[in-house]
Chemist: 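Let me give you the structure first, and then I'll get to my questions.
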Amino acid sequence: MNSLQNRANAVMAFSISAIFCLLGAIAFSALIIPSNPSGAVALDSIKVVTGRYDRNWVDYKTRNNEFANTVMRIDADLSSLFHWNTKQLFVYAVAEYSTPTHPKNQIVLWDTIIKRKSAAVISKRGLNNKYSLIDVNKKWTDINANVSLHWNIVPYVGFMTYGHSKASEGYAFPLPSGIQT
Amino acid sequence: MNLRQVLTNSLNVLMMLFGVFMSYKAWGLYTNCESPLVVVLSESMEPAFARGDILFLSNPKKAVDIGEICVFKIPGRDIPIVHRVIDRHDSPETGNQLLLTKGDNNNVDDRGIYQELYINRGKMWIEPKDVVGRVQGFLPYLGMFTIFMTDYPLLKYALLGGVGLVVFLYE
C-alpha cells in the first residue's frame with residue numbers, strides 16, 4: 001500500500017512537471033518564430049446616411065445620426081502566421097481618425113476568423129462594413145480616416161499576440177447630401 | 001494517529017494552502033489585477049475560448065487598444081464578461097476612454113448587456129474603470145476542474161473529505 005502510494009505520487013509529480021515544461025516550451029517558442037504577414041485595406045466608396053437606428057437597433061435618440069456605409073477591398077497574405085501554436089487568427093479592419101473632442105478613435109469595420117493556413121490569403125472586393133460606423137459625436141463632418149488591417153493570433157497555449165498592417169491614406173467623409181467635403 | 005501527527009499534518013496543509021494563496025495575490029499585485037486568473041464560463045468567444053479554458057490577465061496602465069480582449073464588470077452584475085473591444089474613443093484627459101465590446105461569437109455588440117439592469121439604462125459605453133483585466137495568455141481545458149466543482153458540489157465535499165483523510169491518517 002505504501003509503495004503503491006509512493007509510486008503513484010512519483011508518476012503524477014513527474015508527468016505533471018513534464019507536461020507543464022512542454023506547454024511552456026510551446027508557449028515561449030511561438031514568440032520567436034519569424035513571420036512576414038502582409039495586408040492592406042482600401043475603401044472604394046463611402047456614403048453617409050442619417051438615421052435613428054443602427055444594425056443592432058440601438059436607438060441613438062434623434063433622427064439625424066450620421067452612419068457611414070463603406071465599400072471595402074481587402075488583400076492580405078497571413079499564411080506565415082500559422083505555426084504549431086496557432087489556433088486561429090482573428091483578422092479585423094480598423095478605421096482610425098481623430099476629432100477635436102476625442103484625439104484618437106478606432107472603429108472595427110469588419111472582422112473574420114481564420115482557422116486554417118489554406119484560408120489565410122484574403123482577397124475580397126465589394127465588402128460592406130459589418131458594424132455601424134458612427135462617431136461618438138454622431139457626425140462625420142471634417143473627419144479624415146485611415147484604414148488598416150489588424151490581426152490577433154490566438155494560440156493553443158501561451159501568449160496572445162497582435163499585429164497590424166500599414167495604414168492607408170486618409171479618406172474624407174462626404175456630407176449626407178452626397179457632397180464630397 | 002496521535003495529536004502531534006495530526007497537528008503537524010494540518011500545519012503542512014495550511015502552509016501549502018496559504019502559500020498558494022499568497023503567490024496568487026502577489027501575482028495579482030504584479031499584474032495590477034484583482035484576479036489574474038479566470039476560467040471561461042460562456043461560449044460567446046468561441047472558437048477562440050471554450051468553456052473551461054484558463055485566461056491569464058494583466059491590467060497595465062496604458063490605454064486599451066482596439067481588438068484587445070478585455071474582462072470587464074458591469075455595475076450591478078457580479079460575473080465579469082470577457083469580450084473584444086471593437087470601438088475605442090479616447091478623451092483628451094489621459095486614462096479616459098469610451099469602449100464598445102462584442103463577443104466574437106455574438107452577432108450584436110454588448111450594448112444590450114450594458115443596459116440590462118435598470119440602473120444602467122442609457123449606458124452606451126464602458127470605460128477603463130470597468131475593465132478589470134486584459135487577456136495576455138491562455139491555457140486550454142484546465143479550468144474544467146473549477147467548473148465541475150461548481151456544477152457538482154458533491155465533488156467539492158469529496159475533495160474536502162480527501163484532504164481531511166490526509167490530515168488525520170498520514171504518517
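To find a chain, count down the sequence lines: A is the first, B the second, and so on, and within it residues start at 1.
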Chemist: Could you see if Ile153(A) belongs to whatever hydrophobic cluster contains Leu139(B)? Use Ile, Leu, Val, Met, Phe, Trp, Tyr and a side-chain cutoff under 4.5 Å.
Modeler: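 Different hydrophobic clusters.
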
Chemist: Are Phe56(B) and Met45(B) co-members of a hydrophobic cluster defined by side-chain heavy atoms under 4.5 Å apart?
Modeler: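 Looking at the clustering, Phe56(B) is in a separate group from Met45(B).
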
Chemist: For the CZ atom of Phe90(A) and the CD1 atom of Ile69(B), what is their distance to the nearest 0.5 Å?
Modeler: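 Spacing of CZ (Phe90(A)) from CD1 (Ile69(B)) equals 8.0 Å.
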
Chemist: What is the distance from atom CG of Asp87(B) to atom CD1 of Ile134(A), rounded to the nearest 0.5 Å?
Modeler: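 One finds 10.0 Å between CG of Asp87(B) and CD1 of Ile134(A).
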
Chemist: Using a cut-off of under 4.5 Å on heavy-atom pairs, state which of Leu109(A), Val157(A), Ile107(A), Val154(A) scores highest against chain B.
Modeler: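 That would be Ile107(A).
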
Chemist: So which residue, Val108(B), Asp65(B), Asn107(B), ends up with the most heavy-atom pairs under 4.5 Å with chain A?
Modeler: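 Heavy-atom pairs under 4.5 Å are most numerous for Val108(B).
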
Chemist: To check you understand the geometry: which heavy-atom pair defines the closest contact between Tyr92(A) and Ile66(B), and what is its length?
Modeler: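 Residues Tyr92(A) and Ile66(B), closest heavy atoms: OH-O, 3.5 Å.
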
Chemist: Need one label for Gln88(A): side chain, backbone, both or neither, based on atoms under 4.5 Å from any heavy atom in chain B.
Modeler: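 Side chain of Gln88(A) only, per the 4.5 Å heavy-atom cut-off to chain B.
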
Chemist: Is it true that Ile114(A) and Ile33(A) fall in one hydrophobic cluster, defined by side-chain heavy atoms closer than 4.5 Å?
Modeler: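 In one cluster with Ile114(A): Ile33(A), no.
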
Chemist: Is Tyr24(B) reachable from Leu29(B) through a run of I, L, V, M, F, W or Y residues, each pair having side-chain heavy atoms under 4.5 Å apart?
Modeler: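 No, separate clusters.
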
Chemist: Under 4.5 Å between any side-chain heavy atoms of Val136(A) and Trp125(B), yes or no?
Modeler: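 The answer is yes; the side chains approach within 4.5 Å.
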
Chemist: Leu31(A) and Trp151(A): same hydrophobic cluster, using ILVMFWY side-chain contacts below 4.5 Å?
Modeler: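 Shared cluster, no.
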
Chemist: Do you know which of Leu98(B), Asp109(B), Val85(B) has the most heavy-atom pairs with chain A at a distance under 4.5 angstrom?
Modeler: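 When all of Leu98(B), Asp109(B), Val85(B) are compared, Asp109(B) has the most.
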
Chemist: Please evaluate residues Thr99(A) and His89(B) with respect to the criterion side chain to side chain contact (heavy atoms under 4.5 Å, CB included), reporting the C-alpha separation (whole Å), side-chain torsions for both, the decisive distance (0.1 Å), and the verdict.
Modeler: CA-CA 10 Å; Thr99(A) 62; His89(B) 301 280; over 6 Å; no

Chemist: Rounded to the nearest 0.5 Å, what separates atom CZ in Phe49(B) from atom NZ in Lys87(A)?
Modeler: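 Nearest 0.5 Å value for the CZ-NZ distance: 8.0 Å.
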
Chemist: Which heavy atom of Lys115(A) sits nearest a heavy atom of Pro47(B), and at what distance?
Modeler: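 Heavy-atom minimum between the residues: NZ-CG, 3.7 Å.
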
Chemist: Are any non-hydrogen side-chain atoms of His102(A) and Gln97(B) less than 4.5 angstrom apart?
Modeler: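 Side chain of His102(A) against side chain of Gln97(B), heavy atoms only: no contact under 4.5 Å found.
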
Chemist: Taking side chain as everything from C-beta outward and backbone as N, CA, C, O, which of these in Leu99(B) sits under 4.5 Å from a heavy atom of chain A? Side chain, backbone, both or neither.
Modeler: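 Contact with chain A is absent: no heavy atom of Leu99(B) under 4.5 Å.
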
Chemist: In the structure I gave you, are the side-chain heavy atoms of Asn152(A) and Arg84(B) within less than 4.5 Å of one another anywhere?
Modeler: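 They are in side-chain contact.
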
Chemist: At a 4.5 Å cut-off on heavy atoms, which part of Ile54(B) comes close to chain A: side chain, backbone, both, or neither?
Modeler: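 Neither part.
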
Chemist: Minimum heavy-atom separation for Pro103(A) and Ser91(B), please, with both atom names.
Modeler: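 Closest approach of Pro103(A) to Ser91(B): CD-C, 3.9 Å.
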
Chemist: Nearest heavy-atom pair of Glu68(B) and Tyr162(A): which atoms, and what distance?
Modeler: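 Looks like CA-OH, 3.6 Å.
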
